[in-house]
Amino acid sequence: MTLGPLLRLRVPALLTASALALSACVSPTAGPSGLYARPIGNAPVTANPTPYSAALYCMADYARRYGLPSPRMAVGRISDYTGTVSADGGRQITQGASLMAFSALAKAGAQMVERYDTSISEMELRYANNRLIGDEGGTPDNPNYRRILAGQVPGSDFYLIGGITEVNYNIRSAGFDAGVGETDTDTPGSGLVQGKIYVMNVAIDLRLVQTTTLEVVDVISYQKQIIGREISAGVFDFLNGNVFDISAGTGGMEPVQLAVRALVERATLEMMANLYGAPGPEVCLSAENDWLNTVGPTGGYYPAYDNTGTNNGQTRADPSRWHDRRDGDVRRSRY
């Protein structure tokens with residue numbers, strides 16, 4: 001038997017074996033766990049920092065070291081004003097910039113009050129006003145109605161608002177195509193190499209407003225460029241009557257939404273540095289890196305109990321913490 005017939009038999013056999021291997025991963029009958037297939041992927045939850053996150057919680061450390069009180073901060077709408085829509089109808093730019101600002105302020109150790117979504121508090125206030133909510137300690141015959149006290153809601157000193165104002169998709173792009181082949185049809189083989197690179201940007205405009213006077217006390221406008229690249233190569237060949245088309249490539253694009261988060265964090269950092277009176281990045285040189293700090297790469301919190309020695313902002317960023325396959329304490333307690 002010649003080489004050609006061997007290849008003709010082996011290629012269909014390989015394709016059939018591959019199809020059977022893939023079908024074995026999915027079953028029309030649920031297994032003992034109640035699942036048709038186990039979801040792939042086991043990456044743990046990790047922190048989502050930007051290059052400015054370390055400076056934000058360094059700013060929080062600076063304020064704590066020198067006893068600098070944080071004004072009460074609120075966040076308003078930081079909307080997408082670019083109007084960009086993707087081909088499938090969804091928005092190209094994140095609609096969650098306000099939520100990113102909350103996280104940035106928390107990393108900076110700011111004291112915050114909620115003004116972005118007060119629907120639950122307003123509903124509870126209405127229920128309490130109608131004596132529909134009772135706190136602990138009451139009985140059906142003598143309910144402990146929740147009281148509404150004048151001045152129980154602290155006010156904000158400043159609030160942060162603004163929007164995403166620019167998305168420019170093709171600031172600069174470049175590429176190349178290189179192909180090689182034989183003019184003689186009896187000589188098999190040809191190849192192609194392609195490469196592309198392009199640059200876009202996104203911009204944000206934020207302002208800090210004093211709540212009591214509505215005076216705009218700080219305005220910041222930033223832009224960030226984003227780069228994408230793609231490289232691919234392929235080989236097309238005839239071998240004893242069989243056609244082979246093999247290609248491979250790699251590509252990547254800097255995350256656009258992460259760029260928006262970086263813009264928000266940089267703007268928040270500059271505004272909080274002004275409110276704290278920090279002269280600049282040199283305040284980080286004397287940072288104590290207190291591991292009992294309640295501010296870390298994931299944000300910040302007010303401890304409900306005196307347990308910051310074991311439950312703090314830094315351990316929240318540990319990718320193995322609480323993971324049933326990475327954290328030994330959780331793994332040993334499962335069964």
At what distance, to the nearest 0.5 angstrom, does [atom1] of [X] lie from [atom2] of [Y]?
{"X": "Ile164", "Y": "Thr84", "atom1": "CD1", "atom2": "OG1", "answer": "8.5 Å"}
{"X": "Leu99", "Y": "Tyr116", "atom1": "CG", "atom2": "OH", "answer": "5.5 Å"}
{"X": "Asp117", "Y": "Ser98", "atom1": "CG", "atom2": "OG", "answer": "11.0 Å"}
{"X": "Arg147", "Y": "Ile133", "atom1": "CZ", "atom2": "CD1", "answer": "15.0 Å"}
{"X": "Leu68", "Y": "Met59", "atom1": "CG", "atom2": "CE", "answer": "10.0 Å"}
{"X": "Leu56", "Y": "Asp61", "atom1": "CG", "atom2": "CG", "answer": "13.0 Å"}

Minimum-distance pair of heavy atoms, taken over all atoms of [X] and [Y]:
{"X": "Ala278", "Y": "Val283", "answer": "CB-CG1, 4.2 Å"}
{"X": "Gly109", "Y": "Ser70", "answer": "O-CB, 4.0 Å"}
{"X": "Ala110", "Y": "Met272", "answer": "CB-CE, 3.8 Å"}
{"X": "Ala259", "Y": "Val202", "answer": "CB-CG1, 4.1 Å"}
{"X": "Ala317", "Y": "Ala47", "answer": "CB-CB, 4.1 Å"}
{"X": "Ala108", "Y": "Tyr276", "answer": "O-OH, 3.1 Å"}

Would [X] end up clustered with [Y] when hydrophobic side chains under 4.5 Å apart are linked, directly or stepwise?
{"X": "Ile220", "Y": "Leu263", "value": "yes"}
{"X": "Val219", "Y": "Leu214", "value": "yes"}
{"X": "Val260", "Y": "Val199", "value": "no"}
{"X": "Ile161", "Y": "Leu208", "value": "no"}
{"X": "Met73", "Y": "Val209", "value": "no"}

Quick one: does [X]'s side chain have a donor or acceptor within less than 3.5 Å of a partner on [Y]'s backbone?
{"X": "Thr46", "Y": "Pro319", "value": "no"}
{"X": "Tyr159", "Y": "Arg115", "value": "no"}
{"X": "Asn130", "Y": "Arg126", "value": "yes"}
{"X": "Gln257", "Y": "Thr94", "value": "yes"}
{"X": "Asn144", "Y": "Glu136", "value": "yes"}

May I ask you to check whether [X] and [Y] show a side-chain donor-acceptor distance below 3.5 Å?
{"X": "Ser53", "Y": "Lys107", "answer": "yes"}
{"X": "Ser221", "Y": "Asp205", "answer": "yes"}
{"X": "Asn168", "Y": "Asn201", "answer": "yes"}
{"X": "Glu114", "Y": "Ser121", "answer": "no"}
{"X": "Thr50", "Y": "Glu265", "answer": "yes"}

Is there side-chain contact between [X] and [Y], with heavy atoms separated by less than 4.5 Å?
{"X": "Leu275", "Y": "Phe158", "answer": "yes"}
{"X": "Pro28", "Y": "Tyr36", "answer": "no"}
{"X": "Leu105", "Y": "Val75", "answer": "yes"}
{"X": "Arg72", "Y": "Pro154", "answer": "yes"}

message: Working note: Gln92 + Val167, criterion side chain to side chain contact (heavy atoms under 4.5 Å, CB included); need CA distance, chi angles, decisive distance, verdict.
response: CA-CA 9 Å; Gln92 292 275 56; Val167 175; over 6 Å; no

- prompt: So with a 6.0 Å cut-off around NZ of Lys196, is the heavy-atom count from everything else above 12?
  reply: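 No - once you tally the heavy atoms of other residues, nucleotides and ligands closer than 6.0 Å, there are 12 at most.
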
- request: Flag yes if more than 12 heavy atoms outside Tyr127 fall under 6.0 Å of its OH atom; otherwise flag no.
  value: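 12 or below, so no.
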
Evaluation steps, side chain to side chain contact (heavy atoms under 4.5 Å, CB included), between Cys284 and Tyr62: CA-CA 7 Å; Cys284 295; Tyr62 169 79; over 6 Å; no

message: Does Arg316 qualify as a cation-pi partner of Tyr301, given the criterion of NZ or CZ under 6.0 Å from the six-membered ring centre and within 45 degrees of its axis?
response: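 Positive - Arg316 is close enough to the ring of Tyr301 and near enough to its axis.
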
Salt bridge (charged side-chain N to carboxylate O under 4.0 Å, His left out) between Asp80 and Arg91, intermediate numbers included: CA-CA 9 Å; Asp80 170 24; Arg91 291 296 188 97; 3.4 Å; yes

message: Looking at Arg229 and Glu254, is there a salt bridge between them, counting it only when a charged N and a carboxylate O are closer than 4.0 Å?
response: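 A salt bridge is absent here (no side-chain N lies under 4.0 Å from a carboxylate O).
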
query: Should Glu124 and Arg146 be marked as a side chain to side chain contact (heavy atoms under 4.5 Å, CB included) after you check the CA-CA gap, both sets of side-chain angles, and the distance that decides it?
result: CA-CA 10 Å; Glu124 294 251 334; Arg146 178 174 294 180; 2.8 Å; yes

query: Given Met200 and Asn170, is the side chain to side chain contact (heavy atoms under 4.5 Å, CB included) satisfied, shown in steps?
result: CA-CA 5 Å; Met200 62 176 289; Asn170 196 358; over 6 Å; no

- prompt: Which one of Arg321, Arg326, Arg325 satisfies the side chain to side chain contact (heavy atoms under 4.5 Å, CB included) criterion with Pro44?
  reply: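 That would be Arg326.
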
